[in-house]
There are 2 protein chains.
Amino acid sequence: MRLMMLEDQSLIMGALASLLALEPDIEVVCQCSSLAKAKAAWPQQVDLILADIELGDGTALDFAQWLQQQGVVVPMVLLSTFARPGYLARAKALNLGGYLLKDMPAEQLAQQLRLVLSGQQCFARPLQSLMQPNNPLSERERQVLILAEQGKSTQQIALSIHRSPGWVRNCLSSAIQKMQANNRIEAALRARDAGFL
Amino acid sequence: MRLMMLEDQSLIMGALASLLALEPDIEVVCQCSSLAKAKAAWPQQVDLILADIELGDGTALDFAQWLQQQGVVVPMVLLSTFARPGYLARAKALNLGGYLLKDMPAEQLAQQLRLVLSGQQCFARPLQSLMQPNNPLSERERQVLILAEQGKSTQQIALSIHRSPGWVRNCLSSAIQKMQANNRIEAALRARDAGFL
DNA sequence: TGGCACTAGTGAGCATTGTCACTCTTGGTA
DNA sequence: TACCAAGAGTGACAATGCTCACTAGTGCCA
């Protein structure tokens, strides 16, 4: 199995590669530390992609979406420290191969990758319970919360997305209520915690 | 070198162990996934401890302190995703062997461990800039910014730290100016980026 | 054609936030 | 003792943020 790895922490990437190198049927052919490098490295002759979700310049989910837009069909297994419903929902929507958590036993990783390569889907057990709750935020609210999270004012957000300040106000107000928060910052934090951003 | 590992994410622990197993002079003799297990596993015949700082039930710094109270003298190397001045200060105070970041090159890990075993101290380069007291924020401003970052209101912050809302307002205003920001969120972001929080 | 749902935007009113000038206390210290 | 500096707190004011009720435009469809 030719494997591509995507992970922004070099030490972890190296360690995982060394773990997988123990398997006779797995060959790590490409290691990328960022979304940009992964895109630049394409096209690749790989059978499977193992990717940490959170990269410095984006997420592995963005990369999966980009690949699908390019018409590329390669199974991808996500890896993350966190079980976030938002990530899970996007992974499901993109029909990815799996979503594993970093607290899984190391011995099982290779076997899970083989299962995905054979066509099965592998989702970590703690994620099973998160299957239902989906993102209550609209795409607009998501965008606006991300900008608010960066400390931008209503004015600045309005300019950024070419909307009136009033619209931004209402949009934020709605997001705050949906996240049951008291202000935009708390709303953004809760949304990010839940993986909705 | 007999090595003890402390890391709460099994996959990462297994991967790191597999990476270090490639070194002929390193033998991983003990793997613990929590502070409680590490304490229970003691006494150990080990030459060096490699520990992730943040464990589920405490920190590796707590373990180092506990060991010193037991009169145990074993060098410890901390590992973390984050370069936090608070951790660094405690690591220095406890005179630990090193503090490495997970974005370091995997090939260098073993060599760094050997250096620490030989008596040297190894602190990741990004931590060097946190060494000097160039932090413009007072300890109060730091505390208040951390609470503001969590979306807390002036009122809530005042209650948390037992100060008047007016004082919190002034303190935040001062922090905002020092960080050359436009509001508390931007100030907190800049401060965190600079490693001041 | 009228009704309906959805999206964009406005305005009023109130709360919170940020700035600034000020007072009061406390602990040195000349 | 008198003075000074630092820290804590207040009050006033403007800017910004949040909520809510509202209008207007658009597309759908029976």
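Proteins get letters first, then strands, A, B, ... in listed order; numbering begins at 1 in each. Only a predicted model underlies this, so the values are computations on that prediction, with no experimental measurement involved.
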A.B. asks: Name the atoms and distances for all side-chain donor-acceptor pairs under 3.5 Å in residues 28-42 of chain A, with sequence neighbours left out.
C.D. replies:
unit_1	atom_1	unit_2	atom_2	d
A:Ser33	OG	A:Lys37	NZ	3.1
A:Ser34	OG	A:Lys37	N	3.1

A.B. asks: Between B:Arg184 and B:Thr154, is there a side-chain donor-acceptor contact under 3.5 Å, judged purely by atom types and distance?
C.D. replies: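 Indeed, the side chains of B:Thr154 and B:Arg184 share at least one donor-acceptor pair under 3.5 Å.
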A.B. asks: CD of B:Glu186 to CD1 of B:Ile176: how many Å apart, nearest 0.5 Å?
C.D. replies: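 Rounded to the nearest 0.5 Å, the CD-CD1 separation comes out at 9.5 Å.
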A.B. asks: Check the interface with nucleotides 12-16 of chain C: list each N/O to N/O pair with the protein under 3.5 Å, or write none.
C.D. replies:
none

A.B. asks: Could you tell me whether the side chain of B:Gln112 and the main chain of B:Cys122 form a donor-acceptor pair under 3.5 Å?
C.D. replies: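 Not confirmed, B:Gln112 side chain does not pair with B:Cys122 backbone.
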A.B. asks: Could you tell me which residues satisfy salt bridge (charged side-chain N to carboxylate O under 4.0 Å, His left out) with B:Glu23, sequence neighbours excluded, listed by chain and number?
C.D. replies: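 Only B:Arg114 meet the salt bridge (charged side-chain N to carboxylate O under 4.0 Å, His left out) criterion with B:Glu23.
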A.B. asks: What are the residues of residues 170-181 of chain B, sorted by number, that bring a heavy atom to within less than 4.0 Å of DNA chain C?
C.D. replies: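 Output list: B:Asn170, B:Ser173, B:Ile176, B:Gln177.
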A.B. asks: With sequence neighbours excluded, give me every salt bridge (Lys or Arg N to Asp or Glu O under 4.0 Å) pair touching residues 148-159 of chain A.
C.D. replies: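 Found A:Glu149-A:Arg192.
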A.B. asks: How about CD on A:Gln45, more than 12 heavy atoms from neighbouring residues, nucleotides or ligands closer than 6.0 Å, or not?
C.D. replies: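 No, CD of A:Gln45 has 12 or fewer neighbouring heavy atoms, counting only those of other groups under 6.0 Å.
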A.B. asks: Please list, for nucleotides 5-8 of chain C, all pairs of protein and nucleotide N/O atoms separated by less than 3.5 Å.
C.D. replies:
unit_1	atom_1	unit_2	atom_2	d
C:dA8	OP1	A:Arg140	NH1	2.9
C:dA8	OP1	A:Arg163	NH2	3.2
C:dA8	OP2	A:Arg140	NH1	3.2
C:dA8	OP2	A:Trp167	NE1	3.2

A.B. asks: What side-chain donor-acceptor pairs closer than 3.5 Å can you find for residues 156-172 of chain B, not counting sequence neighbours?
C.D. replies:
unit_1	atom_1	unit_2	atom_2	d
B:Gln156	OE1	B:Ser153	N	2.9
B:Gln156	OE1	B:Ser153	OG	3.4
B:Ser160	OG	B:Gln156	O	2.9
B:Ser164	OG	B:Gly166	N	3.4
B:Ser164	OG	B:Trp167	N	3.0

A.B. asks: Quickly work out the B:Ile157 CD1 to C:dG18 C1' distance and round it to whole Å.
C.D. replies: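 Taking CD1 of B:Ile157 and C1' of C:dG18, I get 13 Å after rounding.
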A.B. asks: B:Ser80: what forms a side-chain hydrogen bond (donor to acceptor under 3.5 Å, both in side chains) with it, not counting sequence neighbours?
C.D. replies: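 Counting only residues at least two positions away or on another chain, B:Ser80 forms no side-chain hydrogen bond (donor to acceptor under 3.5 Å, both in side chains).
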A.B. asks: Separation of B:His162 atom NE2 from D:dA8 atom P, in whole Å?
C.D. replies: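 Interatomic distance, NE2 of B:His162 to P of D:dA8: 14 Å.
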A.B. asks: Can you list, pair by pair, the side-chain donor-acceptor contacts under 3.5 Å of residues 6-18 of chain A, counting residues two or more places apart and other chains?
C.D. replies:
unit_1	atom_1	unit_2	atom_2	d
A:Glu7	OE2	A:Gln9	N	3.1
A:Gln9	NE2	B:Thr81	OG1	3.2
A:Ser10	OG	B:Asp103	O	3.2
A:Ser18	OG	B:Ser18	O	3.2
A:Ser18	OG	B:Ser18	OG	2.8
A:Ser18	OG	B:Leu19	N	3.1

A.B. asks: Tell me the bend of the helix from C:dT1-D:dA30 to C:dA30-D:dT1 as the angle between end helix axes, each from five pairs, rounded to the nearest 10 degrees.
C.D. replies: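 Computed from the C1' atoms at both ends, the axes differ by 0°.
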A.B. asks: What residue pairs, at least two apart or across chains, pass salt bridge (Lys or Arg N to Asp or Glu O under 4.0 Å) with a residue in residues 41-58 of chain B?
C.D. replies: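 Listed by first then second residue: B:Arg2-B:Asp47, B:Asp52-B:Lys102, B:Glu54-B:Arg84.
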A.B. asks: Rounded to the nearest Å, what distance is computed from the CD atom of residue B:Glu141 to the P atom of nucleotide D:dA6?
C.D. replies: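 Atom CD in B:Glu141 sits about 14 Å away from atom P in D:dA6.
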A.B. asks: Provide the full list of side chain to side chain donor-acceptor pair (under 3.5 Å) pairs with a residue in residues 63-73 of chain B, sequence neighbours left out, each pair given once.
C.D. replies: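 Only B:Gln65-B:Arg90 qualify under side chain to side chain donor-acceptor pair (under 3.5 Å).
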A.B. asks: Might you confirm whether atom CD of B:Gln155 has over 12 heavy atoms from other residues, nucleotides or ligands at distances under 6.0 Å?
C.D. replies: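 Counting neighbours around CD of B:Gln155, 12 or fewer heavy atoms of other residues, nucleotides or ligands fall under 6.0 Å, so no.
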